[in-house]
Number of protein chains: 2
Amino acid sequence: MTERAYHCPVEVTLEVIGARWTPVILAHLKENDRLRFGQIRRLIPDISEKMLTQRLRELERAGIIDRTLVRAAPAQVEYRLTTAGRGLSPVLNAMWDWGRQRATTMGLTITPVPADPRPGPATE
Amino acid sequence: MTERAYHCPVEVTLEVIGARWTPVILAHLKENDRLRFGQIRRLIPDISEKMLTQRLRELERAGIIDRTLVRAAPAQVEYRLTTAGRGLSPVLNAMWDWGRQRATTMGLTITPVPADPRPGPATE
DNA sequence: GTGGGTACGCACCAAAAAGTGCGTACCCAC
DNA sequence: GTGGGTACGCACTTTTTGGTGCGTACCCAC
């Protein structure tokens, strides 16, 4: 993650959002404004908790997201994009759009998952 | 690189351009239209030849770039974005712009490198 | 009082990614 | 004829990344 010299602006961008899952996390935060740890985890079923924590810490350090402790007791935190983070919207939007387009032309299916656990009885 | 189910369009995009250096390579191809292997290598001083070859093969298979053998003898090939690849321009532009912005606000320096070896005498 | 949810940190191990060095085949300049 | 540039492929090792499982501290529902 520590690159010394940059020879292209894109390298700078990648140092911030180049790690695995990072743009996905940010895209969800852009879509949902504020999300709790567990919500992000459910929105991205394939990410492990360790990964998610790690990425969130990195983004926090980079000043891209903001962590707020909502409740201390049974820990509850909220993440949201900072102003700097919102500056990434064009990147995230473009990635979102291209992915949708690509899925269509390649016949891929995208199955979104709700951020909150199903409230009703077991859906199986 | 093989992900089965997608839960967000951004995941689809990342499966194509998520590997290390990939967006940098594409950004240079977008800027320069057509580039030879050695030119890309010089434009990205920190990439190894193995890496570059690998990424180029992946992008070729994904239909994002196009490889043309210009001369067989002392092998010379040219890479360029396909139509599908040019569809990534919004993403690449956004990454480029954000990186420049970020470099400015963070006081980072970007030192571009020429694609071709210095032809004249030492420029220093 | 027992289990589940919340949001982690830590340690250990497996897997994937990347670096290094060597070989190729040909051309050209010196 | 010797060395350098062109664009790689291959094998081997190292580094990085990520997964798994365990522990925490507290609350709430049953």
Is it true that a side-chain atom of [X] and a backbone atom of [Y] form a donor plus acceptor pair closer than 3.5 Å?
{"X": "Thr13(B)", "Y": "Trp98(A)", "result": "no"}
{"X": "Thr22(B)", "Y": "Gly18(B)", "result": "no"}
{"X": "Gln39(B)", "Y": "Leu35(B)", "result": "no"}

Gap between atoms [atom1] and [atom2], on [X] and [N] respectively (whole Å):
{"X": "Arg55(B)", "N": "dG9(D)", "atom1": "CZ", "atom2": "P", "value": "14 Å"}
{"X": "Leu69(B)", "N": "dC26(C)", "atom1": "CG", "atom2": "C1'", "value": "13 Å"}
{"X": "Ile40(A)", "N": "dA7(C)", "atom1": "CD1", "atom2": "P", "value": "9 Å"}
{"X": "Leu52(A)", "N": "dG19(D)", "atom1": "CG", "atom2": "C1'", "value": "14 Å"}
{"X": "Ile47(A)", "N": "dG19(D)", "atom1": "CD1", "atom2": "P", "value": "8 Å"}
{"X": "Leu56(A)", "N": "dG18(D)", "atom1": "CG", "atom2": "P", "value": "14 Å"}
{"X": "Gln54(A)", "N": "dT20(D)", "atom1": "CD", "atom2": "C1'", "value": "14 Å"}
{"X": "Phe37(B)", "N": "dA7(D)", "atom1": "CZ", "atom2": "C1'", "value": "6 Å"}

Which distance, rounded to the nearest 0.5 Å, do you find between the [atom1] of [X] and the [atom2] of [Y]?
{"X": "Ile64(B)", "Y": "Leu59(B)", "atom1": "CD1", "atom2": "CG", "result": "7.0 Å"}
{"X": "Leu81(B)", "Y": "Leu88(B)", "atom1": "CG", "atom2": "CG", "result": "8.0 Å"}
{"X": "Phe37(A)", "Y": "Gln76(A)", "atom1": "CZ", "atom2": "CD", "result": "12.5 Å"}

Legend entry - DNA chain D stem ranges, 3 or more consecutive Watson-Crick or G-U pairs under 3.5 angstrom: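 Stem list for DNA chain D: C:1-30 with D:1-30.
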With respect to the side chain of [X], which nucleotide from [options] is positioned closest?
{"X": "Arg42(A)", "options": "dG19(C), dT6(C), dC8(D)", "value": "dT6(C)"}
{"X": "Ser48(A)", "options": "dC27(C), dG19(D), dT6(C)", "value": "dG19(D)"}
{"X": "Pro74(A)", "options": "dA18(C), dC27(D), dG18(D)", "value": "dC27(D)"}
{"X": "Glu49(B)", "options": "dC8(D), dT20(C), dC8(C)", "value": "dC8(D)"}
{"X": "Val77(B)", "options": "dA11(C), dA7(D), dA18(C)", "value": "dA7(D)"}
{"X": "Gln76(B)", "options": "dG9(D), dG5(C), dT6(D)", "value": "dT6(D)"}
{"X": "Thr53(B)", "options": "dG9(D), dA18(C), dC27(C)", "value": "dG9(D)"}
{"X": "Met51(B)", "options": "dC27(C), dA7(C), dG19(C)", "value": "dG19(C)"}

Inset, instruction - Remember a base hit wins even if backbone is also touched, and classify Arg41(A) as base, sugar-phosphate or nothing at under 4.0 Å, heavy atoms. - result: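 Result for Arg41(A) = nothing.
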Does this structure show an ion pair linking [X] with [Y], if we count only N-O contacts that are shorter than 4.0 Å?
{"X": "Arg55(B)", "Y": "Glu58(B)", "result": "yes"}
{"X": "Glu60(A)", "Y": "Arg57(A)", "result": "yes"}
{"X": "Glu78(A)", "Y": "Arg36(A)", "result": "no"}

Inset, instruction - For DNA chain D, find the residues of residues 60-68 of chain B with a heavy-atom distance under 4.0 Å and give them by number; none if there aren't any. - result: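 Close to the strand are Arg67(B).
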Taking only side-chain nitrogens and oxygens of [X], does any of them come within less than 4.0 Å of OP1 or OP2 of [N]?
{"X": "Arg20(A)", "N": "dT16(D)", "result": "no"}
{"X": "Arg71(B)", "N": "dG5(D)", "result": "no"}
{"X": "Arg36(A)", "N": "dG5(C)", "result": "no"}

Legend entry - With sequence neighbours excluded, residues passing salt bridge (charged side-chain N to carboxylate O under 4.0 Å, His left out) with Arg41(A):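 With sequence neighbours excluded, Arg41(A) shows a salt bridge (charged side-chain N to carboxylate O under 4.0 Å, His left out) to Glu49(A), given in chain and number order.
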Inset, instruction - Decide whether Leu52(A) and Leu69(A) are clustered together by the hydrophobic rule: side chain heavy atoms of Ile, Leu, Val, Met, Phe, Trp, Tyr closer than 4.5 Å, transitively. - result: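 Yes; tracing contacts between hydrophobic side chains, which count when under 4.5 Å, links both residues.
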Legend entry - Of Gln39(B) and Lys50(B), the one whose closest DNA chain D nucleotide lies more 5':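 Its nearest nucleotide being more 5', the pick is Gln39(B).
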